[in-house]
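Scroll down for the structure; my scribbles are underneath it.
Only a predicted model underlies this, so the values are computations on that prediction, with no experimental measurement involved. Chain naming here is simple, since letters A, B, ... match the order of the sequence lines and numbering starts at 1 in each.
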Amino acid sequence: MGIQKLASLIKKEAPESISAVPPRDYRDRVLAIDASVAIYQFNAAIPTIINRDGEDLSALQGMFYRTVYMLENGIKPVFVLEGPPPALKHRKGNSDGKSTPGHGRRDDLEKMLRYLGVPYIQATGEAEATCAALVKHCLAWGTVTEDMDALPFGSTRLIRNLKANNLGNVEEYNLPKLLKLLKLSPEQFVELCILLGCDYSGKIKGLGIKKALELMQKHGSIERILKTIKKDRIPADFRYQEAKQLFLQPSVVDVSRVQLNWRAPDEENLVQFLSHEKHLNETKIRTKLAKLRAIQQPKEKKTPKKRSAQSSLSDPNNQKQPKMTDFFMAKKKSQKQPQRRAARLTKSGKSMELPVP
DNA sequence: ACTCTGTCTCAAGACGAC
DNA sequence: TTGAGACAGAGT
DNA sequence: GTCGTCC
């Protein structure tokens, strides 16, 4: 998944585009969280936690703590839930329906996020793409994911390693800086990513990070590079034009309609849900929530106007961060179009297929 | 001889008590 | 599963 | 910091 070698390419060829950032620096910033990657990691990494009803709580518990951790740091997370993948995507194993082990879990996650007062968005396709769209339109500061795909999708900032456990700094990748250092246009960068190997296309054997970058810098496009390469090295499924389209014009949520709103956690409902219904330890949940409340409340009292949080204090590197004062949760029902409703419902099923170029 | 790619292996989350 | 690091072996 | 536990 993702572009496997992109991270090592950047670390080797343009390390200056990565900075180490303490999580505190994201205070009051909106970060788009790629929920699918996080969920997957929780499911894969943790020794499975099963409650008395036989439910796997690994992801739910992990997401709870990690989300609270972000809130404690003053981060405004917006979760992006994965939609159906483009048909071109090579996926091993799963694909549709029941093999996705978590329809129930996704509902659980949504419920928990609502009680936490954290907004989420149902993507129409790859979560990375919608995260990137939010960032591009200044609705979010950056994308939090381990999946480097967010960069070719155009997320100007990609944040890795934002974990509760991680005492150190996160890694922030800066896309404009990266393009400048690599001396590539955004389009050329996307093509470079395809050469490195992405989910949407086969890959030319023998082209690794060094050669791919060198050739792209020298020739400027895959089309011209292909002329310099023996045909037998090009695999039959090297459909780079289609892959390029999927990166440059992916299916994303209509961000102009997205409105985001953060509320204080609903502690009683959280305890009811997480502890009484899902049987997570009530004391731990309450302790955590009390700590969060202690962090959040004094702040709101000190700064009766939300504005004051903005440019005034604490943030040496603050810039055009989007203002998130009175957004609210996605859709107004008044002018809701049936289409949006349909898109919304997609989460529950496979009703919608993506148009594939 | 050196550089690069491909393959293998391993670890993986968060908490709190100590 | 994924990603990162080590290493071996192919390519130049 | 390390380690045992989370359900």
Side-chain angles (χ1 to χ4, degrees), chain A residues 1-13 15 18 23 33-73 82 85 89-95 99-102 105 108 127-128 144-151 158 160-168 170-171 173 195-199 202-215 228-230 232-233 235 273-292:
Chain A
M1 231 179 221
I3 292 147
Q4 294 84 359
K5 292 178 234 155
L6 184 53
S8 28
L9 181 145
I10 296 173
K11 280 174 186 166
K12 283 179 190 154
E13 308 295 333
I18 310 174
I33 317 293
D34 175 5
S36 48
V37 171
I39 291 170
Y40 207 83
Q41 286 185 333
F42 282 119
N43 281 330
I46 309 178
T48 308
I49 295 172
I50 305 286
N51 73 4
R52 66 186 72 161
D53 298 329
E55 294 174 292
D56 181 349
L57 298 184
S58 307
L60 194 64
Q61 178 185 267
M63 291 298 272
F64 171 74
Y65 283 118
R66 188 177 291 183
T67 306
V68 170
Y69 168 79
M70 289 191 265
L71 295 173
E72 284 172 349
N73 279 278
E82 185 105 314
K89 188 157 184 167
H90 307 131
R91 268 255 165 113
K92 345 195 162 181
N94 76 345
S95 78
S99 59
T100 345
R105 283 198 218 124
D108 290 342
E128 311 291 326
V144 175
T145 180
E146 305 303 310
D147 189 340
M148 301 300 288
D149 276 3
L151 289 175
L158 185 157
R160 294 178 107 190
N161 259 340
L162 184 56
K163 306 176 192 177
N165 230 357
N166 179 19
L167 298 179
V170 307
E171 276 182 345
Y173 294 71
L195 288 177
L196 294 177
C198 69
D199 294 337
K203 181 183 176 314
I204 299 172
K205 290 261 179 212
L207 263 195
I209 58 183
K210 297 278 184 185
K211 299 245 174 82
L213 177 60
E214 184 192 320
L215 288 175
T228 72
I229 287 183
K230 294 192 210 95
D232 58 342
R233 292 177 64 194
F273 175 53
L274 294 177
S275 300
H276 300 166
E277 205 173 312
K278 297 295 175 182
H279 311 296
L280 286 169
N281 183 291
E282 177 167 349
T283 310
K284 289 185 178 178
I285 300 294
R286 284 200 185 275
T287 305
K288 201 70 188 161
L289 291 173
K291 186 180 161 203
L292 174 60

Which nucleotide sits closest to the side chain of [X]: [options]?
X	options	answer
Arg160(A)	dG3(C), dA14(B), dG6(B)	dG3(C)
Arg66(A)	dG6(B), dG13(B), dC4(B)	dG13(B)
Ala45(A)	dA12(B), dG6(B), dA14(B)	dA12(B)
Asn165(A)	dA14(B), dC7(D), dG6(B)	dA14(B)
Leu280(A)	dC7(D), dC15(B), dA4(C)	dC7(D)
Lys11(A)	dT1(C), dA4(C), dG13(B)	dA4(C)
Lys211(A)	dT1(C), dC15(B), dT5(B)	dT5(B)
Leu57(A)	dT1(C), dC7(D), dG13(B)	dC7(D)

Minimum side-chain heavy-atom gap [X]-[Y] below 4.5 Å:
X	Y	answer
Ile33(A)	Met70(A)	yes
Phe273(A)	Asp108(A)	yes
Arg160(A)	Met148(A)	yes
Glu171(A)	Lys11(A)	yes
Ile3(A)	Leu9(A)	no

Residue met sooner reading DNA chain C from 5', once Tyr40(A) and Ser8(A) are mapped to nucleotides: Tyr40(A)
Contact nearer the 5' end of DNA chain C, comparing Ala7(A) with Lys230(A):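 That would be Ala7(A).
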Using whole Å, report how far [atom1] of [X] lies from [atom2] of [N].
X	N	atom1	atom2	value
Asp147(A)	dA4(C)	CG	C1'	15 Å
Gln61(A)	dC15(B)	CD	P	9 Å
Ile18(A)	dG3(C)	CD1	C1'	14 Å
Leu215(A)	dT5(B)	CG	P	10 Å
Asp149(A)	dG3(C)	CG	C1'	14 Å
Ile10(A)	dG3(C)	CD1	P	13 Å
His276(A)	dC7(D)	NE2	P	13 Å
Phe42(A)	dG13(B)	CZ	P	8 Å

Distance test, side-chain N/O of Lys284(A) to OP1/OP2 of dC7(D), below 4.0 Å: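 False: Lys284(A) side-chain N/O out of range (4.0 Å or more) of dC7(D) OP1/OP2.
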Phosphate OP1/OP2 of dC15(B) contacted by Lys288(A) side-chain N/O (<4.0 Å): yes
Sugar-phosphate, base or nothing in reach of Asn281(A), heavy atoms under 4.0 Å: sugar-phosphate
Side-chain donor/acceptor of Asn166(A) to backbone N/O of Asn161(A), under 3.5 Å: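 Yes; at least one donor-acceptor contact below 3.5 Å.
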Side-chain donor or acceptor of Arg66(A) paired with backbone N/O of Lys163(A) under 3.5 Å: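 Flag not set: sc Arg66(A) to bb Lys163(A) has no pair under 3.5 Å.
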side-chain contact (heavy atoms from CB on, under 4.5 Å) partner of Thr145(A), chosen from Val37(A), Leu162(A), Leu151(A):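 It is Val37(A), the one option of Val37(A), Leu162(A), Leu151(A) that forms the side-chain contact (heavy atoms from CB on, under 4.5 Å) with Thr145(A).
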Residue that, paired with Leu6(A), satisfies side-chain contact (heavy atoms from CB on, under 4.5 Å) out of Asp149(A), Leu196(A), Asp147(A):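 It is Leu196(A), the one option of Asp149(A), Leu196(A), Asp147(A) that forms the side-chain contact (heavy atoms from CB on, under 4.5 Å) with Leu6(A).
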Set of side-chain hydrogen bond (donor to acceptor under 3.5 Å, both in side chains) partners for Asn281(A), sequence neighbours left out: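 Here no residue qualifies.
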For nucleotides [N] and [M], find the distance between their [atom1] atoms and express it as a whole number of Å.
N	M	atom1	value
dC7(D)	dT7(B)	P	42 Å
dT9(B)	dT5(D)	C1'	27 Å
dG13(B)	dG3(C)	C1'	16 Å

Proximity to DNA chain D (any heavy atom under 4.0 Å), residues of residues 47-54 of chain A only: Pro47(A), Ile49(A), Ile50(A), Asn51(A), Arg52(A)
Salt bridge Arg286(A)-Glu282(A), side-chain N to carboxylate O under 4.0 Å: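 Yes.
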For DNA chain B, stems built from three or more consecutive Watson-Crick or G-U wobble pairs below 3.5 Å: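 Stems found: B:1-12 with C:1-12, B:13-18 with D:1-6.
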